[in-house]
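Comments concern the structure below.
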Amino acid sequence: MADANASGGIHGRPLNLVSFDDGYTPDGFVAALSEVRKRKIAAILAPVGSPAIKRTLDERLLDAGDLLILNAIPGAEALRNPGHRMLFHVRAGDRKQIERILAHAHTLGVTRLGVLHQDIPMGESGWAICREAAAKLPGMQLQGAQSTTGAAALAAAVGRLSVGTIQAVLIVGSPPFSGLGVAVLRAAGFSAFVYAMSYVTPEGLIKAAGKAAHGVMIAQTFPNAAGERTPLQRQFQSSMAKVNKSGEALSQFHFEGYVTARLFIEAALRARDTSASGLAAALQALGRFDLGGMHFDFRSSNAGGAFVDFSVLDHRGRLTF
């Protein structure tokens with residue numbers, strides 16, 4: 001936002017970024033929505049939490065006034081289909097991530113895959129996607145176990161996975177669930193591949209699982225935040241150097257926030273007006289848009305991102321791409 005304002009903002013009007021803490025609860029998110037409407041804010045960027053977004057859709061809260069959500073996190077299919085005309089998805093969804101994970105495991109010779117999934121919308125829809133994807137891969141067999149984030153429940157779920165016979169495990173759930181899941185799997189003696197969705201962070205995995213987190217393979221829906229191969233990565237590094245005076249390590253979520261903000265700015269610059277409806281129309285009118293090495297296309301649906309890559313958490317606690 002600082003770079004955009006330094007360049008004149010949106011047709012001479014400065015951008016204002018306001019943050020809200022919803023406490024990672026649906027009730028908190030609904031309360032934040034009310035405050036957003038009072039302030040006549042046009043767009044919410046990168047809200048987090050599948051229960052909160054699902055409640056927003058179930059209660060049709062986006063129908064009450066002109067408001068756009070850009071890049072809801074996570075990418076659960078339950079939030080995308082049928083979705084909402086004012087809800088836009090920047091990151092590749094859970095379907096694309098899971099399909100790539102299962103295809104990758106299959107190329108490594110994995111035919112017996114365990115799926116530890118959380119009892120929330122992303123976990124439930126993720127398990128369904130796993131079954132659909134496995135049906136397309138010759139010989140692929142799944143063992144699924146659903147659980148809450150409770151330690152005892154996770155231990156029981158891991159027990160149902162027959163860790164002595166499966167070759168790899170995919171964990172589908174929130175970052176806390178994923179971290180605890182890795183810890184419980186390793187404690188149960190499972191030493192083979194563990195796959196995690198893009199929502200987990202190295203810090204969260206290490207906090208929950210310690211050294212047991214080393215070697216976990218994490219799907220990524222954005223390029224390496226520390227890379228400099230593409231113009232987008234180099235622009236990110238340059239922009240963050242101007243504001244990151246403390247030298248804080250840059251994460252994948254910093255990069256995701258940057259990309260989301262860049263897409264918002266590109267739409268605002270092209271919109272007939274900066275209302276939520278105007279921004280939505282501008283996003284769809286971008287066509288197949290290249291943001292400096294990462295492509296988006298909102299013409300056929302509100303899910304515009306398709307990038308999926310893999311990283312591995314190394315012994316230093318860093319992601320290797």
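- For residues 289-311, the set of pairs meeting the salt bridge (charged side-chain N to carboxylate O under 4.0 Å, His left out) definition, not counting sequence neighbours, comprises Asp297-Arg299.
- Side-chain contact between Met86 and Asp66 is present, with heavy atoms from C-beta onward closer than 4.5 Å.
- Here the side chain of Thr201 pairs a donor or acceptor atom with the backbone of Gly204 at under 3.5 angstrom.
- Side-chain N/O atoms of Ser198 and Gln97 include a donor and acceptor closer than 3.5 Å.
- Side chains of Gln235 and Ser238: a donor-acceptor N/O pair is absent below 3.5 angstrom, by distance only.
- Residues Leu33 and Ile44 meet the side-chain proximity criterion, which asks for heavy atoms closer than 4.5 Å.
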Checklist entry - Passes side chain to side chain contact (heavy atoms under 4.5 Å, CB included), Gln233 versus Asn224? Steps please. => result CA-CA 8 Å; Gln233 289 168 305; Asn224 184 3; 4.0 Å; yes

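- Annotation: Phe298 is in aromatic contact with Phe88 [ring centroid separation under 6.0 Å].
- In this structure a side-chain-to-backbone donor-acceptor pair under 3.5 Å is missing from Asn71 to His89.
- Sorted by first and then second residue, the salt bridge (charged side-chain N to carboxylate O under 4.0 Å, His left out) pairs with a member in residues 8-29 read Asp27-Arg55; sequence neighbours excluded.
- Between the Arg80 side chain and the Asp94 main chain, no donor and acceptor come within less than 3.5 Å of each other.
- The residues Arg39 and Glu35 are annotated as salt-bridged, a charged nitrogen and a carboxylate oxygen being separated by less than 4.0 angstrom.
- Residues Leu79 and Pro74 share a closest heavy-atom pair of CD1-O, 4.0 Å.
- With contacts defined as side-chain heavy-atom distances shorter than 4.5 Å, the pair His84/Asp63 qualifies.
- For residues 225-255, every residue pair satisfying the ring pair (Phe, Tyr, Trp, His ring centres under 6.0 Å) rule, not counting sequence neighbours, is listed here: Phe236-Phe255, Phe236-Tyr258.
- Every residue two or more places apart in sequence or in another chain was checked for a side chain to side chain donor-acceptor pair (under 3.5 Å) with Asp119, and none qualifies.
- At distances below 3.5 Å, at least one donor-acceptor pair connects side-chain atoms of His11 with backbone N or O atoms of Leu269.
- Hydrophobic cluster membership for Ile171: Leu116, Leu154, Val158, Leu161, Val163, Ile166, Val169, Phe177, Leu180, Val182, Val184, Leu185, Phe190, Val194, Val200, Leu205, Ile206, Val216, Ile218, Leu313, Leu319, Phe321 (Ile, Leu, Val, Met, Phe, Trp, Tyr linked by side-chain heavy atoms under 4.5 Å, directly or transitively).
- Lys96 pairs by the side chain to side chain donor-acceptor pair (under 3.5 Å) definition with nothing, not counting sequence neighbours.
- What you find for Ala226 and Gln237 is that their closest heavy atoms are CA-NE2, 3.4 Å.
- In this structure a side-chain-to-backbone donor-acceptor pair under 3.5 Å is present from Arg37 to Ala64.
- Ion pairing between Asp314 and Arg318 fails under the 4.0 Å rule for side-chain N and carboxylate O.
- Note on residues 124-146: pairs passing salt bridge (charged side-chain N to carboxylate O under 4.0 Å, His left out), not counting sequence neighbours, are Arg95-Glu132.
- Minimum interatomic distance between Ala281 and Arg272 (heavy atoms only, all atoms of both residues): CB-NH1, 3.8 Å.
- Atom CG in Asn302 sits 11.5 Å away from atom CD1 in Ile69 (nearest 0.5 Å).
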Next on the checklist: One pair to check against side chain to side chain contact (heavy atoms under 4.5 Å, CB included): Tyr199 and Arg91. What are the steps and the verdict?
Outcome noted: CA-CA 11 Å; Tyr199 317 111; Arg91 58 166 45 232; 3.1 Å; yes

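- Partners of His214 according to the side chain to side chain donor-acceptor pair (under 3.5 Å) rule, which considers only residues two or more places apart in sequence or in another chain, do not exist here.
- Nearest heavy-atom pair across Leu102 and Met140 is O-CE, 3.9 Å.
- Within the hydrophobic cluster formed by Ile, Leu, Val, Met, Phe, Trp and Tyr side chains joined at under 4.5 Å, directly or through other members, Val308 stands alone, with no partner residue.
- Considering all non-hydrogen atoms of both residues, Ile120 and Ser50 come closest at CD1-OG, 3.9 Å.
- Sorted pairs that involve residues 18-41 and meet ring pair (Phe, Tyr, Trp, His ring centres under 6.0 Å), not counting sequence neighbours, are lacking altogether.
- Between the side chain of Gln252 and the backbone N or O of Pro223, at least one donor-acceptor pair lies under 3.5 Å.
- Note on Ile73: it does not cluster hydrophobically with Val90, by side-chain heavy-atom contacts below 4.5 Å among ILVMFWY residues.
- Considering only residues two or more places apart in sequence or on other chains, Arg288 meets the salt bridge (Lys or Arg N to Asp or Glu O under 4.0 Å) condition with none of them.
- One side chain, Ser174 or Gln118, offers a donor N or O that lies under 3.5 Å from an acceptor on the other.
- Checked against the 6.0 Å centroid criterion, the rings of His104 and Phe310 qualify as a close aromatic pair.
- Residue pairs meeting the salt bridge (charged side-chain N to carboxylate O under 4.0 Å, His left out) criterion with at least one member in residues 225-249, sequence neighbours excluded, are Asp3-Lys242.
- From Lys54, atom NZ reaches atom OG of Ser125 across 10.0 Å, with rounding to the nearest 0.5 Å.
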